[in-house]
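Report on the structure given below.
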Amino acid sequence: MIGLGTYAFFWQHSDLVDEPLSLTGAFEATKAQSVDLFQICDYAPLEAMDDHELADAAAAARDLGLTIELGTKGVEPDRLARFLDLAARFDAGLVRSMLYSPETRPTLTQAEEWLRAALPAYEASGVDLALETYEQVSTAELVALIGSIDSPRLGVCLDPANVVARLERPRDCVEQTAPLVKNVHVKDFAFARQPGWVGFTYGGAAMGEGLHDYPHLLQTVRPRERGVNEVVEHWLSWQGDAETTVRTEREWTRTTIEYLRSHS
């Protein structure tokens with residue numbers, strides 16, 4: 001299933017626009033694109049919501065017919081337990097996380113201990129935990145960690161764009177993780193020369209215009225055949241003013257959805 005996530009609304013949620021988009025507003029914008037999946041990922045207001053606000057948000061998603069996934073950072077048992085509770089409130093079948101949180105940077109041994117403590121509750125609840133590929137942990141280490149734990153509910157959130165900052169090749173990341181993938185983050189990426197003599201930047205691109213070999217991911221991971229959801233997000237830099245940035249963000253979302261559907 002194709003979905004949108006909070007990172008597809010990054011600037012629209014931000015305080016740099018006159019009227020930041022609410023979570024329910026993002027749900028409505030998702031449904032307006034005929035998309036039925038939304039991933040609430042690294043969205044700080046979620047953890048500040050009281051029971052009434054959570055109930056209202058979950059009801060809004062259900063009323064729109066949206067499937068919800070959740071996302072956080074960190075694998076501390078208390079954090080993972082909290083997000084398993086939130087998953088129950090939203091009827092979410094997947095929680096995405098990363099090994100490191102803003103407060104913790106566990107060793108691989110510590111991460112394994114924490115994950116082993118948290119996973120029995122995920123297994124009992126039928127909720128998947130997907131650890132994202134990113135530059136702070138090598139793909140090989142992440143794959144080995146997941147393999148050593150060997151839980152049917154633990155797998156990979158595949159984002160091949162992230163690993164370039166570790167000087168890994170996206171195609172290698174896709175191939176190493178393919179059997180373990182439970183979730184895919186979809187965004188394109190590219191290098192651009194810096195003004196002047198030397199240097200470059202690495203950032204986002206409109207889907208299909210950058211370096212992401214998405215057909216290779218489809219062929220290797222086979223997300224459509226395996227029921228692995230693909231969540232759209234962007235690396236969009238500020239475009240100079242709010243109006244232009246929001247318009248570009250919306251356009252990237254629209255064209256990415258079209259791109260994914262054209263490859264179905």
Side-chain angles (χ1 to χ4, degrees), residues 3-31 35 37-62 64 66-106 111 114 118 122 127-137 157 159 161-162 165 183 185-187 203-204 229 231-238 242 245-246 249-250 252-253:
L4 301 182
T6 42
Y7 280 108
F9 298 89
F10 180 83
W11 294 114
Q12 293 166 76
H13 283 310
S14 78
D15 59 8
L16 293 178
V17 300
D18 291 338
E19 296 182 7
L21 189 68
S22 67
L23 184 59
T24 299
F27 291 167
E28 293 169 347
T30 297
K31 194 66 178 182
V35 172
L37 170 70
F38 190 88
Q39 187 175 94
I40 311 171
C41 190
D42 302 340
Y43 182 69
L46 179 68
E47 295 190 69
M49 289 181 180
D50 60 26
D51 287 344
H52 178 73
E53 291 168 325
L54 288 169
D56 285 349
R62 282 192 291 269
L64 289 166
L66 290 179
T67 297
I68 297 297
E69 297 177 344
L70 300 179
T72 185
K73 292 179 180 177
V75 292
E76 312 94 297
D78 288 348
R79 177 182 297 275
L80 294 181
R82 168 62 172 155
F83 270 80
L84 185 60
D85 176 67
L86 289 170
R89 292 172 180 265
F90 284 92
D91 300 320
L94 181 136
V95 173
R96 162 276 198 191
S97 196
M98 295 175 160
L99 286 191
Y100 298 162
S101 74
E103 297 82 23
T104 62
R105 292 178 63 89
W114 285 350
Y122 278 74
V127 174
D128 287 333
L129 177 62
L131 301 178
E132 187 161 350
T133 56
Y134 72 128
E135 71 281 355
Q136 297 187 52
V137 178
C157 173
D159 190 332
N162 291 344
N183 197 239
H185 280 180
V186 180
K187 60 175 174 279
N229 293 334
V231 178
V232 173
E233 58 181 41
H234 310 305
W235 275 345
L236 175 65
S237 59
W238 182 252
T245 303
V246 168
E249 189 168 65
R250 290 172 176 167
W252 278 23
T253 296

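One is the number of the first residue; the rest follow in order along the sequence.
- Summarising the local packing, CG of Asp50 is surrounded by more than 12 heavy atoms from other residues, nucleotides or ligands at distances under 6.0 Å.
- Salt bridge Arg89/Asp85: present, at least one basic N to carboxylate O contact under 4.0 Å.
- Note: Phe27 CZ to Leu4 CG = 11.5 Å, rounded to the nearest 0.5 Å.
- Under the 3.5 Å distance criterion, with hydrogens and angles disregarded, no donor-acceptor pair is assigned to the side chains of Gln39 and Asn229.
- A heavy-atom distance below 4.5 Å is found between the side chains of His185 and Cys41.
- Counting only distance, with no hydrogens or angles, the side chain of Tyr122 and the backbone of Leu80 share a donor-acceptor pair below 3.5 Å.
- No side-chain donor-acceptor contact under 3.5 Å links Arg96 to the backbone of Leu129.
- Taking 4.5 Å as the limit, some side-chain heavy atom of Phe38 sits within range of a side-chain heavy atom of Leu23.
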- Would you sort out whether Leu99 and Tyr134 count as a side chain to side chain contact (heavy atoms under 4.5 Å, CB included), showing the intermediate values? CA-CA 10 Å; Leu99 286 191; Tyr134 72 128; 4.2 Å; yes
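- Summarising the local packing, CG of Asp56 is surrounded by more than 12 heavy atoms from other residues, nucleotides or ligands at distances under 6.0 Å.
- Proximity of a side-chain donor or acceptor of Thr6 to a complementary backbone N or O of Ile40 within less than 3.5 Å is not detected.
- Checking Leu94, Leu46, Leu84, Val127 one by one against Leu70, the side-chain contact (heavy atoms from CB on, under 4.5 Å) holds for a single residue, Leu46.
- Considering NE2 of His234 and CZ of Arg250, their distance stands at 11.5 Å, rounded to 0.5 Å.
- The main-chain N or O of Thr104 is never found under 3.5 Å from a side-chain atom of Glu76 such that the two would form a donor-acceptor pair.
- Of the possible donor and acceptor atoms, none in the side chain of Trp114 sits under 3.5 Å from a partner among the backbone N and O of Pro106.
- In plain terms, the two heavy atoms of Phe9 and Gly5 that are nearest each other are CD1-O, 3.4 Å.
- Residues Gly3 and Val35 approach most closely at CA-CG1, 3.6 Å, considering heavy atoms.
- Side-chain atoms of Leu236 and Phe10, non-hydrogen and from C-beta on, never get closer than 4.5 Å to each other.
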- Task: Check the pair Met98 / Gln136 against side chain to side chain contact (heavy atoms under 4.5 Å, CB included), numbers first and verdict last.
- Result: CA-CA 9 Å; Met98 295 175 160; Gln136 297 187 52; over 6 Å; no
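- No donor-acceptor pair under 3.5 Å is formed between the side chain of Thr72 and the backbone N or O of Ser97.
- Taking CZ of Phe90 as the start and CD of Glu69 as the end, the distance is 13.0 Å to the nearest 0.5 Å.
- Taking all atoms of both residues into account, the shortest heavy-atom contact from Met49 to Arg82 is O-NH2, 4.4 Å.
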- Hey, mind stepping through Asp159 and Lys187 against side chain to side chain contact (heavy atoms under 4.5 Å, CB included) and telling me if it holds? CA-CA 8 Å; Asp159 190 332; Lys187 60 175 174 279; 2.3 Å; yes
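- Aromatic pair His13/Tyr43: centroids less than 6.0 angstrom apart.
- With hydrogens and angles ignored, the 3.5 Å screen pairs a side-chain donor or acceptor of Glu249 with a backbone N or O of Gln12.
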- Message: Run the side chain to side chain contact (heavy atoms under 4.5 Å, CB included) test on Glu132 and Asn183 for me, step by step, so that the C-alpha distance in whole Å, both residues' side-chain angles and the decisive distance to 0.1 Å come before the verdict.
- Response: CA-CA 9 Å; Glu132 187 161 350; Asn183 197 239; over 6 Å; no
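- Remark: Glu19 CD is loosely packed, at most 12 non-hydrogen atoms of other residues, nucleotides or ligands lying under 6.0 Å away.
- For the residue pair Phe83 and Gly71, the shortest heavy atom distance occurs at CE2-O, 3.7 Å.
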